[in-house]
Amino acid sequence: MHQWPTTEAEARAEQERLRAAADHGSPGPAVGEIATVAGVDVAYGDDGTLAAAAVVLDADSLAVLEESVHVGRTDFPYVPGLLAFRELPSVMAALEGLTRTPDLVVCDGYGRAHPRRAGLAVHLGVLTGIPCFGVAKTPFLFDHEPPGTARGSSSPLTMRDGSGTEEVGRALRTRDGVKPVFVSIGSGIGLDNACAHTLRLTPRYRQPETTRRADHLAGARLAALRPAPGTGG
DNA sequence: GCGACAG
DNA sequence: ATCTTGTCGC
């Protein structure tokens, strides 16, 4: 089992190791080349309680094939830039609870679009060895021109601090007239394919079905842990 | 050194 | 992430 950092210093060292190990070059699987796709997400309770969920979908029909939940705790606080160390141990546990290995993993948050090029999706991609990318909801650290209003329109994401003009991700409109999501690669897949998969996963809502399913599952499990007052818990 | 900055 | 009602729409 993996040894997880407990201090910020250890986390940064591990983050750099993972960044260096990431595959940022291969195009990875295209739409039509995968049979299954997994979504992961974490819901938090008051104390350190959390529920991490992994949901496997049929890549074609988007039907749910399998679900896995890990209930546990976190000691690692939310530190900007180090989100991965708060979420990953339990996410990995949830993934290990699956009976099949998905062909692709989609997570909340960023991958290569990160101050040190090592967001959540980079960590997850390297640690699982499965192609992985991230879909985030807010741009904060990045600059981008608004994409066209039609679903499928996109524009490049660049670092807001002006550290280069490299496209670290892409603002992608997944629904007509709805604010875009922000796609960035983790490891083992290219940005073009990541965006194509994201569009396949958004037939109806802004967020990918993978994320929506995992988010719902994690939230439901956490709620089940905290029965409503007077219900006898 | 301090602050901002996914979730 | 989480705190939270009603409301509009399919």
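Proteins get letters first, then strands, A, B, ... in listed order; numbering begins at 1 in each.
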J.: Mind calculating the distance between CD (Q15(A)) and P (dC5(B)) to the nearest angstrom?
T.: 18 Å
J.: Would you say T158(A) and E167(A) are linked by a side-chain donor-acceptor pair, where the criterion is simply a distance under 3.5 Å?
T.: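 No, T158(A) and E167(A) have no side-chain donor paired with an acceptor closer than 3.5 Å.
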J.: With a cut-off of less than 4.0 Å, is there a side-chain N or O of T138(A) near OP1 or OP2 of dC5(B)?
T.: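 T138(A) to dC5(B) OP1/OP2: no side-chain N or O under 4.0 Å.
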J.: So L82(A), base contact, sugar-phosphate only, or nothing? Heavy-atom distance under 4.0 Å.
T.: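 Base contact - L82(A) has a heavy atom under 4.0 Å of at least one base atom.
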J.: Under 5.5 Å between ring centres and under 30° between planes: true for Y78(A) and the base of dA1(C)?
T.: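 Given the distance and angle limits, no, they do not stack.
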J.: With no hydrogens and no angle check, just 3.5 Å: does a side-chain donor-acceptor pair link R151(A) and T202(A)?
T.: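 Per modelled atom types, R151(A) and T202(A) side chains form a pair under 3.5 Å.
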J.: CZ of R86(A) versus P of dA6(B): gap in Å, rounded?
T.: 13 Å
J.: When the distance from CZ of R170(A) to C1' of dA6(B) is rounded to whole Å, what number comes out?
T.: 20 Å
J.: Between D143(A) (CG) and dC5(B) (P), how many Å, whole number?
T.: 13 Å
J.: May I ask whether F85(A) and L95(A) are part of the same hydrophobic cluster, defined by side-chain heavy atoms of I, L, V, M, F, W, Y residues being less than 4.5 angstrom apart, directly or through others?
T.: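 Shared cluster, no.
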J.: Round to the nearest Å and state the distance from Y44(A) atom OH to dC3(C) atom C1'.
T.: 17 Å
J.: OP1 or OP2 of dG7(B) versus the side-chain N and O atoms of K137(A): is any pair under 4.0 Å?
T.: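 The answer is yes; a side-chain N or O of K137(A) sits under 4.0 Å from OP1 or OP2.
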J.: Going from CZ on F76(A) to CG on L82(A), what distance comes out if it is rounded to the nearest 0.5 angstrom?
T.: 5.0 Å
J.: Rounding to a whole Å, what distance do you find between E8(A):CD and dC2(B):C1'?
T.: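 Rounded to the whole Å, the gap is 14 Å.
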J.: Which of these nucleotides, dT2(C), dA6(B), dG7(B), is closest to any side-chain atom of F140(A)?
T.: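 Of the options given, the side chain of F140(A) lies nearest dA6(B).
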J.: Roughly, in whole Å, what's the span from CG in D215(A) to P in dA1(C)?
T.: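 Result: 7 Å.
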J.: Between P on dT2(C) and CG on L225(A), what's the gap in Å once rounded to a whole number?
T.: 13 Å
